[in-house]
Amino acid sequence: MDDLIAASNLTRYLKAWRAARGAALGLGRALPQKDVVQASGMSEKWYRTFEAGLPVKHDAAVLQRIADCLGLAPDERMTLFLMTMGVPSPQGVTLNLDDPELLPVSWILDQQGTRPAYVSDEDWNVVAFNQAMGNWFPWVAEPDANLMRWTLLHPDARVQLESWEKHCRVYLGMIRMEIARRGTDTDIARILLAALEDPLISGFWEEETTVVSNRDGHHFRVRVPYNDNKPTDVISQVCTPAKFPSLRLVFLTWGEGIDALEILGTTGGQ
């Protein structure tokens with residue numbers, strides 16, 4: 001009974017999505033199956049079987065091509081993956097920073113005041129940050145700013161992140177999990193390849209198989225020029241907007257017992 005319901009729903013969804021796509025394209029009818037067949041890279045027989053809800057072999061790349069062809073919204077794309085593979089769709093939808101629905105994210109950053117905060121995408125590209133983050137870590141304003149690239153490859157990271165080796169090992173664990181989720185044809189995998197040219201990082205990579213999903217609640221110490229290189233203990237808080245699951249909102253905070261003015265310093269940038 002459960003299989004029958006699932007098959008029926010998949011068929012209904014795919015037909016409805018073809019109808020909606022045809023309307024969006026002004027065709028006056030549903031998007032023809034042959035168009036989806038061509039986009040999928042599979043045979044006509046394969047797609048007819050797939051749309052009928054019958055078992056066929058497929059992978060994430062095929063489903064992504066079908067979703068792209070049908071113009072599926074993120075929620076619809078996730079539904080397609082959940083119904084066929086039992087897992088959410090890999091992210092990878094192009095992020096439009098001009099999307100009005102992203103404005104609240106910018107407001108949240110600005111409302112942090114003197115506390116550094118930023119937004120990164122699934123490859124840890126920094127896509128937005130507040131003034132405090134720019135003061136503490138000016139590299140975020142550079143073109144193609146990327147947290148992993150900076151941490152693993154930039155010499156400043158080894159000075160500004162106390163116990164850099166621990167940071168490096170944790171970040172490698174996060175990259176392992178991302179590769180398991182999305183494969184090796186990604187920006188973060190290419191950053192990893194560049195980092196592995198460093199014998200030290202290559203050694204860390206070979207030594208461990210640790211995987212890490214996130215650094216939410218991580219306590220660490222930084223020494224940044226903005227604060228006269230004084231040791232500053234911070235806590236990273238990581239959030240994911242429900243509407244934009246490929247984004248990470250990261251806030252650097254500190255305990256109530258710490259003097260914020262002392263942390264932020266009274267020189268340089270004040």
Side-chain angles (χ1 to χ4, degrees), residues 59-65 77 81 85 87-95 97 116-129 133 136-224 234 236-241 244-252:
D59 57 26
V62 172
L63 294 180
Q64 289 282 40
R65 292 195 293 269
R77 187 179 297 256
F81 272 78
M85 299 188 73
V87 296
S89 58
Q91 302 306 318
V93 179
T94 300
L95 180 65
L97 295 178
Y118 67 94
V119 179
S120 67
D121 64 15
E122 59 192 347
D123 287 306
W124 287 275
N125 295 306
V126 177
V127 298
F129 58 91
M133 185 68 188
W136 282 42
F137 301 101
W139 62 267
V140 297
E142 297 174 359
D144 302 321
N146 182 284
L147 175 66
M148 293 298 185
R149 182 186 293 114
W150 181 79
T151 302
L152 298 177
L153 297 174
H154 202 289
D156 286 353
R158 305 191 184 199
V159 176
Q160 295 180 15
L161 298 177
E162 195 162 297
S163 301
W164 171 83
E165 177 181 323
K166 293 182 179 179
H167 285 271
C168 182
R169 290 179 183 272
V170 170
Y171 283 158
L172 290 176
M174 294 171 72
I175 293 175
R176 286 188 191 95
M177 176 163 283
E178 196 61 23
I179 288 175
R181 186 174 74 89
R182 295 166 53 218
T184 57
D185 187 19
T186 59
D187 288 344
I188 193 58
R190 286 181 277 275
I191 289 173
L192 173 64
L193 286 177
L196 291 179
E197 294 181 8
D198 183 321
L200 182 60
I201 295 177
S202 179
F204 296 160
W205 182 260
E206 294 295 331
E207 287 173 12
E208 300 180 7
T209 57
T210 305
V211 292
V212 180
S213 60
N214 63 72
R215 301 194 74 187
D216 187 35
H218 180 68
H219 294 234
F220 60 101
R221 176 172 290 179
V222 299
R223 297 174 182 268
V224 296
V234 296
S236 65
Q237 302 291 343
V238 184
C239 305
T240 299
F244 299 97
S246 66
L247 296 182
R248 303 177 183 89
L249 277 70
V250 183
F251 309 96
L252 299 187

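Computed from heavy atoms alone, side chains included, the values below leave out hydrogens, waters and symmetry copies.
Considering only residues two or more places apart in sequence or on other chains, Arg248 meets the side-chain hydrogen bond (donor to acceptor under 3.5 Å, both in side chains) condition with none of them. Take Arg221 and apply the side-chain hydrogen bond (donor to acceptor under 3.5 Å, both in side chains) test, not counting sequence neighbours, and it matches Asp233. Partners of Asn125 according to the side-chain hydrogen bond (donor to acceptor under 3.5 Å, both in side chains) rule, which considers only residues two or more places apart in sequence or in another chain, are Asp121, Asn146. Judged as a side-chain hydrogen bond (donor to acceptor under 3.5 Å, both in side chains), and not counting sequence neighbours, Arg176 has no contacts. Among residues two or more places apart in sequence or in another chain, the salt bridge (Lys or Arg N to Asp or Glu O under 4.0 Å) test is passed with Glu206 by none.
In this structure, CG in Leu249 is found 8.0 Å from OG1 in Thr240, a value given to the nearest 0.5 Å. How far CG of Asp123 is from CD of Glu178: 7.0 Å, rounded to the nearest 0.5 Å. Once rounded to the nearest 0.5 Å, the distance linking CZ of Arg169 with CD1 of Ile201 reads 11.0 Å. A distance of 6.5 Å separates CH2 of Trp136 from CG of Leu252, quoted to the nearest 0.5 Å. Interatomic distance, CE of Met148 versus CH2 of Trp124, reported as 4.0 Å (0.5 Å rounding). Here Leu147 contributes atom CG and Tyr171 contributes atom OH; the two are 4.0 Å apart, rounded to the nearest 0.5 Å.
Using a 4.5 Å cut-off on side-chain heavy atoms (C-beta onward), Leu192 and Leu172 make contact. Counting heavy atoms from C-beta outward, Phe137 and Trp150 have side chains that approach closer than 4.5 Å. Within the 4.5 Å cutoff, the side chain of Val222 has no heavy atoms near those of the Gln160 side chain. With a 4.5 Å cut-off on side-chain heavy atoms, Phe220 and Ser236 count as touching. Residues Val170 and Arg215 meet the side-chain proximity criterion, which asks for heavy atoms closer than 4.5 Å. Annotation: side chain of Cys168 is not in contact with side chain of Thr151 (no heavy-atom distance under 4.5 Å). Under the 4.5 Å side-chain criterion, counting only non-hydrogen atoms from C-beta, Trp139 is not in contact with His154.
The salt bridge (charged side-chain N to carboxylate O under 4.0 Å, His left out) contacts involving residues 137-159 comprise Arg158-Asp198, where partners must be two or more places apart or lie in separate chains.
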